[in-house]
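One structure is given below, encoded as C-alpha cells.
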Amino acid sequence: MAEILDEAWSLSPSVALRPEPFGALAYHFGNRKLTFLKRPELVTVVRLLSDHRDVRDALDAAGVPEGQYGTYAAALQALAETDMIRRRDQEAA
Amino acid sequence: MTILQTRPEALRPSGGTLIEQFEYGLDAPICLTWELTYACNLACAHCLSSSGRRDPRELSTEQCKAVIDELQRMQVFYVNIGGGEPTIRPDFWELLGYAVDHQVGVKFSTNGVRITPERARWLASTDYVDVQVSLDGATAEVNDYVRGPGSYDTALRALANLQDAGFADAKISVVCTRQNIGQLDEFKAIADRYGATLRLTRLRPSGRGADVWDELHPLPEQQRELYDWLMANGESVLTGDSFFHLSAFGESLPGLNLCGAGRVVCLIDPIGDVYACPFAIHEEFLAGNVLADGGFGQVWQRSALFTELRSPQTGGACSSCAFFDSCRGGCMAAKFFTGLPLDGPDPECVQGYGEAALADDRSIPAASQDHSRRMPTRNEPVMLTLQRREDAVVAAATPPVSACAENPLAGFVAPLEGITS
C-alpha cells in the first residue's frame, strides 16, 4: 500500500478549488497549472486532508471504501506532483 | 439572443472522460478571451475580429472593472486579453493591475507596439501576467506580407525589450499559414533566442480572414508537415488546442481534442457581447451581452445558445467516418465561415472530405460586424507577391521613355493586325 496514506497532507495554499458538476477544477496561482478532479468524492477527500492526521484518516472520514484506497493514493500522488496538495511538516506528536 | 429564466439542468452522465464532461459545459469558462477594443494600429489581412476602429460603445473603465469583479466571483482564474490592440486603450495598464489584484490572471496578446523598455520592466516585476507577441512570419518578408510593413521589427523589438527587462517566458504567437509552415524551425529558433515559448494556432476564416483564407490556409501536404512537426515538438510548443482537426491523421495531439465553444470557451467583445468562441464573432454565435442581460454569469449559464451547444451534438455526415472520435468534426467556426454545414466535415478535414464539401454549392455568410478602417493606412499589408516577370525583364533592357521625349508617339507600339480582335 502506498506510503502517502500514512503521511499528513493538505491543499496547497496557492490552490483554489472551483466546484464543477463533475467534481472540481483546481487552479494553482503559483505555477498556473490547471487540474480537474473528476470525482466529487476526490474533492471531498482533498478538502478534508488538512483536518486529518494522515491521508488514511481523511479517506475514512470521506467514507471511501478501503478497497479503493490504492486508487485514491495514486490520484493524490498525481496532485502532489504539480503541488496541488502539499505535505505538511511533521507536527509535534 | 435569449436568456433563459432558470438555469437549464443538463442530463449529465456521471463518470466518463473529462472530454465527455466538458461537452456538457462548465459552471464558468476555463478559457475566456476578452477583447478590450476594436482599435488597432495595424490592419492585418487575416484579423479575426475585423479590427481597426474603436467602437464608441466599448465598455468604460468602470464597466470593465465590474466584469473583472464578476470573473473573480465566478473563479475564472485567468483571461486572455486581446483586441484590436489592447495596449492602445488608455486604461489598459490600469485594468491589467485591477485584474491581477482581483485574482484574475491575464495573458494579453499584442503586436508589441507599446512594449517599451519601461513597460517591459513593469511587466517583469508583476507576477501573474503573461505576454503574447504576435508574429506570423519568421522573416520580415513573410510576416509583413499579412501583418503590414514594420510589424516584424515592432514584434522583435518588444521581445528584446521583454528579455532585457528579465521578463521570463514570453509567448510568441504564430498563426500558421501556407507562407510560414516551412518556417516552423525558424520560429522555434526565434523563441529560443528570446527565452520565449512558441505558440502555434490555426488560421480561421473569420473576420477579414474570410477574405484571404483561400490564399493563406495551409495546403493538404502542409497540414501533414505541421502535424508531424507538432508530434515531434509538441511538448515544448503551445497550440491552444487549436489543431484537433489534425488528430484524424492518427495519434491525437496533446491537449483537449474537442470544440470548446460555449462549453469551456467563450469570448467577450469590446462592447460586452458574448460569443461562443473567439473565432465566431458573428450574430449566429452571439449568446448575449454583459450589460443588457444581467452580467456575464447569466449569459454563460443561461443563454439559449450556450445551452444548445452543450446538448449532445450529432456528427451528421461525419458520424460514419472512422476518425470522428479523434477530430469530432473539427472547428465550428471554420465550417460556418466557409459556408459548410456545421454537422459536416471541417474545410481542412485531413481525410479529404473538406475539399469535396468546399467544391459543392455553398454560400459564405456575410460578416455581421466590421471595424476595419475605411481608408487605407500607411502600414496596411499590401499582399503583393514580389516576383520577376519575364516581360518586365525584357522591358527593363530598353531605356525607359520619359514623358518629355520628343516624339509624341514614343513608346507606342501599334497592335499587330489579325492578332487583336
Side-chain angles (χ1 to χ4, degrees), chain A residues 9-50 58-59 61-86, chain B residues 7-32 71-80 99-107 126-132 168-169 171 197 238 240-241 255-256 258 260 263-265 297 300-301 310:
Chain A
W9 287 75
S10 55
L11 190 66
S12 291
S14 331
V15 170
L17 287 180
R18 183 173 100 192
E20 286 293 345
F22 55 82
L25 180 158
Y27 184 70
H28 193 300
F29 283 94
N31 63 29
R32 301 184 202 174
K33 288 215 186 302
L34 194 64
T35 304
F36 298 92
L37 311 186
K38 290 202 294 177
R39 305 181 66 136
E41 297 83 354
L42 180 59
V43 182
T44 309
V45 170
V46 166
R47 287 191 194 279
L48 285 172
L49 284 176
S50 59
L59 289 170
V64 174
E66 213 166 330
Q68 294 180 19
Y69 280 15
T71 313
Y72 279 82
L76 292 170
Q77 201 69 60
L79 289 173
E81 275 162 27
T82 48
D83 191 42
M84 292 293 169
I85 58 170
R86 198 176 279 183
Chain B
R7 193 171 171 198
E9 289 291 321
L11 294 170
R12 180 189 294 267
S14 64
T17 64
L18 209 49
I19 299 267
E20 282 162 352
Q21 288 294 333
F22 283 179
E23 287 185 336
Y24 287 87
L26 297 179
D27 282 2
I30 49 176
C31 184
L32 170 65
L71 296 180
Q72 182 183 22
R73 285 196 298 276
M74 292 175 73
Q75 292 188 283
V76 175
F77 300 116
Y78 56 85
V79 293
N80 302 307
V100 171
D101 290 344
H102 287 76
Q103 293 195 303
V104 178
V106 172
K107 177 171 82 178
T126 313
D127 205 14
Y128 218 32
V129 175
D130 246 346
V131 184
Q132 179 167 294
D169 200 25
K171 311 291 181 283
T197 298
L238 305 170
D241 298 338
L256 276 185
L258 106 149
R263 296 161 163 170
V264 298
V265 169
W300 176 262
Q301 295 177 352
R310 291 166 197 166

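Protein chains get the first letters and strands the later ones, always in sequence-line order, with residue 1 at the start of each. All values below come from the heavy atoms of this structure, side chains included, with hydrogens, waters and symmetry mates left out. Please read these numbers as outputs of a predicted model, since none were measured by experiment.
Taking chain A as the reference chain and counting heavy-atom pairs below 4.5 Å, the highest number among D127(B), V129(B), T17(B) is found for V129(B).
Contact of L17(A) with chain B is made through the backbone alone, with heavy-atom distances under 4.5 Å. Neither the backbone nor the side chain of P40(A) comes within contact range of chain B; no heavy atom of the residue lies under 4.5 Å from a heavy atom of that chain. Contact annotation for F22(A): both backbone and side-chain heavy atoms come within less than 4.5 Å of a heavy atom of chain B.
The pair D27(B)-R18(A) does not meet the salt-bridge criterion, since no charged nitrogen lies less than 4.0 angstrom from a carboxylate oxygen. A salt bridge does not link K33(A) to D83(A): none of the charged nitrogens lies less than 4.0 Å from a carboxylate oxygen.
The two residues V64(A) and Y69(A) come nearest to each other via the heavy atoms O-CE1, 3.2 Å.
Using bins of under 30°, 30° to 60° and over 60° for the plane-to-plane angle, the ring pair F77(B)/Y27(A) lands in the parallel bin.
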